[in-house]
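Since the structure comes first, as structure tokens, the remarks are kept for the end.
Atoms considered below: every heavy atom in the structure, side chains included; atoms not considered: hydrogens, waters and symmetry mates. These numbers were taken from a predicted model, which means no experiment stands behind them. So you know, we letter chains A, B, ... as the sequences are listed, proteins then strands, and number each from 1.
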Amino acid sequence: MAHRQRQRYLKVCEVQPTHGDEDSNEDGSEKHHRNDFDEHQMMEDDPNGRTNLIVNYLPQCMSQEELCSLFSSVGEVQTAKLIRDKVAGNSLGYGFVNFVNPNDAERAINTLNGLRLQSKTIKVSYARPSSDQIKDANLYISGLPRTMGQQDLEDLFSRFGRIITSRVLVDQASGHSRGVAFIRFDKRSEAEDAIESLNGQTPPGTSEPITVKFAAAPNQTKNQMGSQSYQSRRFGGPVHHQSQRFRYSPINVGHGGGAEGSNGWCIFIYNLTQDTDESMLWQMFGPFGAVANVKVIRDFKTNKCKGFGFVTMSNYEDAAVAIHNLNGYRMGDKVLQVSFKTNKGYN
DNA sequence: TCGAATT
């Protein structure tokens, strides 16, 4: 019977081509029929008649076929569509599943919402009918007090409209709030109102102003450990030791704030080229000793290096030697400036 | 020219 069920969804899933059911669009040349196989949401007002679900927080690697298979275990799926980046083609981590029968849709919510898949916990809920109004209604909020939880957040924002989702980001290790959150409103106009009223404001009972802005569009996947395409070994290893004399105190990163394993001595690198990536920093500094962390500072929009970065080395001596050897290093037509990080702006 | 958070 499991076998029979598998056959059933395999059949469904094979019939479902990459382009889903967009054939329902007669002119076929619309630019954005993303979410719109709920176009016949005739029972929009009747929750008992709804069949179309939105599935969020899917694992990156999950295909449309797998999405379909998963939901076919509940009942007959009419269409399943995984939303992908239009240009890169990678999954955006959500999709739509339209059931034939409303009761199956409801059961899917009850049985699959909250399911753990890979490192994700998927969310299954009814999809709202597609419309322009509901697009771009997602806000990114930063500068929140760490004491503010999801409920406090919603209390602060709910007067602007119907909140579809909200989330306070937490540090994986400590479990503490990162002071950053998302709120998706039902309508873009509601989100605009919230920005208008709350951006730059200091919420009652708190001391710092918050930033409220539209969230950036989901970005493409970032490269983890970069390609080895970079010049292989142009940096000498440790050459000699140097007595420790410095004009200012090097930053010894204790803990808190940074990623795991990033304790050590923080080095500032300036004049990096736009295409610098993390692997270059690893390769540059690796030969001098243990590198705990590297960071290329990028423009959020273009994702290009803004010309500087940081490297944390575990041992002071290694850091000093690396600085001595790499400062003044010529990279392309740039001359790198390498030094211990200062606390510009804070002292 | 000395970090900022994107479910």
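One atom, CD1 of A:Ile267, and another, C1' of B:dC2, lie 13 Å apart when rounded to the nearest Å. The distance between atom CG of A:Leu272 and atom C1' of B:dC2, rounded to the nearest whole Å, is 12 Å. Rounding to whole angstrom units, CZ of residue A:Arg178 and P of B:dA5 are separated by 9 Å. Protein atom CD1 of A:Ile269 is 13 Å distant from nucleotide atom P of B:dG3, rounded to whole Å. Whole-Å rounding puts the A:Tyr94 OH to B:dT7 P distance at 13 Å. Taking atom CG of residue A:Leu92 and atom C1' of nucleotide B:dT7, one finds them 13 Å apart after rounding to whole Å. The separation between A:Ile183 atom CD1 and B:dT6 atom C1' is 14 Å, rounded to whole Å. Regarding A:Phe308, its CZ atom lies at a distance of 7 Å from the C1' atom of B:dG3, rounded to whole Å.
Picking from B:dT7, B:dC2, B:dT1 the nucleotide with the shortest atom distance to the side chain of A:Asn138 gives B:dT7. Across B:dT7, B:dA5, B:dG3, the shortest atom-to-atom separation from the side chain of A:Tyr57 is found for B:dT7. Comparing B:dT1, B:dG3, B:dA5 by their closest approach to the side chain of A:Arg146 singles out B:dA5. Closest approach to the A:Tyr270 side chain among B:dT1, B:dT7, B:dG3 is made by B:dT1 (side chain taken as heavy atoms from C-beta onward). Closest to the A:Phe310 side chain, of the nucleotides B:dA4, B:dC2, B:dA5, is B:dC2.
Not a single side-chain hydrogen bond (donor to acceptor under 3.5 Å, both in side chains) links A:Asn113 to another residue, sequence neighbours left out. The salt bridge (charged side-chain N to carboxylate O under 4.0 Å, His left out) search around A:Arg178 returns none, not counting sequence neighbours.
For A:Asn56 and B:dT7, a side-chain-to-base donor-acceptor distance below 3.5 Å is absent, hydrogens and geometry of angles not being considered.
Using the six-membered ring where Trp is involved, A:Phe157 and A:Phe185 have ring planes that are tilted, between 30° and 60° apart. Taking the six-membered ring where tryptophan is involved, the planes of A:Phe268 and A:Tyr270 are essentially parallel, since the angle between them stays under 30° and well short of 60°.
Aromatic stacking of A:Tyr140 on B:dT6: satisfied, with centres closer than 5.5 Å and planes within an angle under 30 degrees.
The residue A:Lys213 sits close to a base: some heavy atom pair falls under 4.0 Å.
Under the 3.5 Å distance criterion, with hydrogens and angles disregarded, a donor-acceptor pair is assigned to the side chains of A:Glu154 and A:Ser166.
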